[in-house]
Amino acid sequence: MSGADVTTEVYAGTSDVKKIVGVLSGKGGVGKSTSVAVLAFNLAYKGFSVGVLDADLCGPSLSKMIGLKGNIHSCDQGWVPLSQSVGEGKISAISLSYLVDNQDQAVIWRGPKKTAMIKQFLQDVCWGKLDFLLIDTPPGTSDEHMTVMECVPNCSVILTTSPQAVAAADVLRQVTFCKTTGANILGIIETLSGFVCPTCSDCSLLFNKGGGQRLAEHCKLEFLGSVPIDPNLSKYLDSGTLGSNRDTCVSYQSYDAIVDKLLGIMGVKCLNISAEDGG
């Protein structure tokens, strides 16, 4: 599939969204969902209205990470995402986990049904006016990713990788996918970059370091930053309480620097000046 082969149609549900950003990686378990959740909180605390679309249909976890619980309701324009005020901003979310009765039930869908659901999330959700819509994706370069790129021609992309060479090799394939579909790659985040001791906050390297930066240099892409393993972050994402505990997470501060770099790349001015100063 070449860039010229990708058919595009802009969906009305996202017509009032200023920036749409997908978080992708060819590898599983390298922090895509974590990155989406933390980026959403960080942007909201800077004063932005942020939407979160969980396109990982077989493993929807964002609803738990951001702590939004409830049932999706409908209005004349479509589904209404769950929302919560965060600082001076807002987070709104849609996930398949909000639409199933049994959270432990496996989602056993073939490609066409996945494609139809993602199109519904883009077309039939009343996102309203958003500064950012962040899209979490599953590993790979398959139906979910192709559907997002086809339906959102102005979608930019953040890539995540862990430091190991085997992970970076899979993410390199994702770079090829993005270039083939014409997606604008904002940069690469290296996750699992060291381990932060919850007692003394010292950082120890469990894996090799620098794989993400080397991949960025090889592909001539922006390296957005590295994020260590932080037990506090994992604990608060598991309990959906990151917002009120973010100041205790070393890795949250790493994402803060990444967000500042992203805003600069996209030419977006921070709305909440106090957030830049840690307020």
Side-chain angles (χ1 to χ4, degrees), residues 20-41 50-72 79 81-82 91-122 124-125 133-152 155 157-162 164 166-168 170-171 173-174 177-178 183 189-192 227 229-231 233-242 251 255:
I20 302 178
V21 180
V23 178
L24 287 70
S25 177
K27 194 73 174 174
V30 293
K32 291 183 296 300
S33 298
T34 295
S35 293
V36 170
V38 182
L39 291 172
F41 275 105
V50 185
V52 173
L53 190 161
D54 193 348
D56 191 350
L57 302 178
C58 294
S61 56
L62 274 175
S63 57
K64 182 175 183 179
M65 289 182 169
I66 61 179
L68 266 175
K69 299 178 181 179
N71 297 315
I72 296 297
W79 287 332
L82 296 185
I91 295 178
S92 303
I94 190 73
S95 172
L96 190 61
S97 63
Y98 295 137
L99 302 173
V100 296
D101 295 327
N102 183 358
Q103 298 294 317
D104 297 327
Q105 180 64 44
V107 177
I108 307 173
W109 287 359
R110 295 187 184 275
K113 195 165 185 178
K114 292 181 179 180
T115 297
M117 179 56 70
I118 292 174
K119 286 184 176 181
Q120 274 196 282
F121 281 170
L122 291 167
D124 297 336
V125 173
L133 176 61
L134 305 180
I135 302 178
D136 186 25
T137 63
T141 54
S142 192
D143 296 281
E144 296 92 336
H145 314 80
M146 293 169 62
T147 303
V148 170
M149 296 305 163
E150 289 173 357
C151 296
V152 190
C155 183
V157 168
I158 297 170
L159 301 176
T160 66
T161 184
S162 56
Q164 304 98 313
V166 66
D170 282 343
V171 180
R173 298 183 186 97
Q174 194 78 62
F177 169 84
C178 291
I189 298 173
E190 179 179 296
T191 61
L192 309 182
V227 181
I229 302 169
D230 184 349
L233 180 67
S234 300
K235 177 173 65 175
Y236 296 134
L237 287 175
D238 283 345
S239 61
T241 59
L242 175 61
S251 56
Y255 277 107

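Positions are given from 1 along the sequence. Please read all numbers here as calculations on a predicted model, not as lab measurements.
Checked against side chain to side chain donor-acceptor pair (under 3.5 Å), T191 has no partners two or more places apart in sequence or in another chain. Judged as a side chain to side chain donor-acceptor pair (under 3.5 Å), and not counting sequence neighbours, S25 has no contacts. Under the rule for a side chain to side chain donor-acceptor pair (under 3.5 Å), the partners of D54 that lie at least two apart in sequence or sit in another chain are S95.
Atom OG in S97 sits 11.0 Å away from atom NZ in K64 (nearest 0.5 Å). The distance from atom CD1 of I66 to atom OG of S61, rounded to the nearest 0.5 Å, is 10.0 Å. Rounding to the nearest 0.5 angstrom, the gap separating the CG atom in L53 from the OG1 atom in T137 is 10.5 Å. Atoms CD1 and CD1, from I118 and I135 in turn, are 8.5 Å apart once rounded to the nearest 0.5 Å. A distance of 8.5 Å separates OG of S234 from CE of M65, quoted to the nearest 0.5 Å. Note: D143 CG to H145 NE2 = 9.5 Å, rounded to the nearest 0.5 Å.
Between the side chain of E144 and the backbone N or O of D56, no donor-acceptor pair lies under 3.5 Å. Side-chain atoms of D230 come within 3.5 Å of backbone atoms of S251 as a donor-acceptor pair (strictly under, hydrogens ignored). Within the 3.5 Å criterion, the main-chain N or O of K27 finds a donor-acceptor partner in the side chain of K32. Judged by distance alone, with hydrogens and angles left aside, the side-chain atoms of Y98 form no donor-acceptor pair with the main-chain N or O of P81 at under 3.5 Å.
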Q) Hey, mind stepping through W109 and C58 against side-chain contact (heavy atoms from CB on, under 4.5 Å) and telling me if it holds? A) CA-CA 8 Å; W109 287 359; C58 294; 5.8 Å; no
Q. Given the rule in the side-chain contact (heavy atoms from CB on, under 4.5 Å) test, do T115 and M146 qualify, once you have shown the distances and angles that lead to the verdict?
A. CA-CA 9 Å; T115 297; M146 293 169 62; over 6 Å; no
Q) Would M149 and L24 satisfy side-chain contact (heavy atoms from CB on, under 4.5 Å), going step by step from the backbone distance to the final call? A) CA-CA 12 Å; M149 296 305 163; L24 287 70; 4.1 Å; yes
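Ion pairing between a basic and an acidic side chain is recognised when a charged N comes within 4.0 Å of a carboxylate O; D238 and K235 show no such pairing.
The heavy-atom pair separating S162 from A167 by the smallest distance is OG-CB, 3.2 Å. Among all heavy-atom pairs drawn from I229 and P231, the shortest one is O-CD, 3.9 Å. Counting all heavy atoms, side chain and backbone alike, V171 lies closest to T160 at CG2-O, 3.4 Å. Here the closest non-hydrogen pair linking R173 and T141 is O-CG2, 4.4 Å. Nearest heavy-atom pair across L68 and L82 is CD1-O, 3.6 Å. Taking each heavy atom of L242 and L237 in turn, the nearest pair found is CD2-CD2, 3.9 Å.
Exactly one of V30, V23, I158 qualifies for a side chain to side chain contact (heavy atoms under 4.5 Å, CB included) with I189. That residue is I158.
The shortest side-chain heavy-atom distance between L57 and M117 falls under the 4.5 Å cut-off. With a 4.5 Å cut-off on side-chain heavy atoms, T34 and Y255 count as touching.
Within a 6.0 Å radius of CG in D101, no more than 12 heavy atoms belonging to other residues, nucleotides or ligands are found.
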